[in-house]
Amino acid sequence: MCRSRLDLERQHVGMVKYVLTAAAVYLGAVGLALLLVPAQFGVGAVPDDASPELLALMRLLGGPFLGIAVLDWMTRAVVIRPVLLANLVGFGVVAGNDIVGVATGDARDLAKVFLVVHLAFTTAFAVAVSRRVRA
């Protein structure tokens, strides 16, 4: 059965909506964790006696995470290519960092889990960016 181009485009927009929703929830959770419980979020990477300056820096990073989460949430109904591209770059850079950390053994054990998550988001956004969307 051959589907029309419009049906395929609608299906793609629907899939992208799910990816943006998942990214918004994930980035929102990371942002809140950085703001509210930075030492616990950084377990294995942040020393038990972390300086207040380090914890303040981690909290500072929570803000942009929340901002991107809101951007993803608000644009999930209207797929905007620059938002997809920004997510691809962000998740791609983080996944690259995870790969280096895991490969060299410099990353904490939990990085292996984050590597899988970040590669999945990178792949999903790469597919989304590569397809043409009218919306």
Which pairs of donor and acceptor atoms, one on a side chain in residues 26-50, lie under 3.5 Å apart (sequence neighbours left out)?
from: Tyr26; atom 1: OH; to: His118; atom 2: NE2; distance (Å): 2.7

Enumerate, atom names and distances included, each donor-acceptor pair closer than 3.5 Å involving a side-chain atom of residues 84-94, sequence neighbours excluded.
from: Asn87; atom 1: ND2; to: Asp72; atom 2: OD1; distance (Å): 2.7
from: Asn87; atom 1: ND2; to: Val83; atom 2: O; distance (Å): 2.8

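Leu60 forms part of a hydrophobic cluster together with Leu57, judged by ILVMFWY side-chain heavy-atom separations under 4.5 Å. Residue Val100 shares its hydrophobic cluster (ILVMFWY side chains chained together at separations under 4.5 Å) with no other residue.
Note on residues 43-80: no pairs pass ring-ring contact (aromatic ring centres under 6.0 Å, His included), not counting sequence neighbours.
The main-chain N or O of Val78 is never found under 3.5 Å from a side-chain atom of Thr75 such that the two would form a donor-acceptor pair.
In terms of the side-chain contact (heavy atoms from CB on, under 4.5 Å) criterion, residue partners of Leu119 (sequence neighbours excluded) are, by chain and number, Ala95, Ile99, Leu115.
Leu71 and Leu66 end up in different hydrophobic clusters when Ile, Leu, Val, Met, Phe, Trp and Tyr side chains are linked at under 4.5 Å. Criterion: ILVMFWY side-chain heavy atoms under 4.5 Å apart, direct or through other members. Under it, Phe114 and Val102 are not part of a common hydrophobic cluster.
Rounded to the nearest 0.5 angstrom, Asp98 CG and Leu110 CG are separated by 10.0 Å. In this structure, CG in Leu55 is found 9.0 Å from CD in Glu53, a value given to the nearest 0.5 Å.
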- request: Applying side-chain contact (heavy atoms from CB on, under 4.5 Å), run through Val79 and Lys17 and close with a yes or a no.
  value: CA-CA 7 Å; Val79 179; Lys17 186 187 241 184; 5.7 Å; no
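At least one side-chain heavy atom of Arg131 sits under 4.5 Å from a side-chain heavy atom of Met15.
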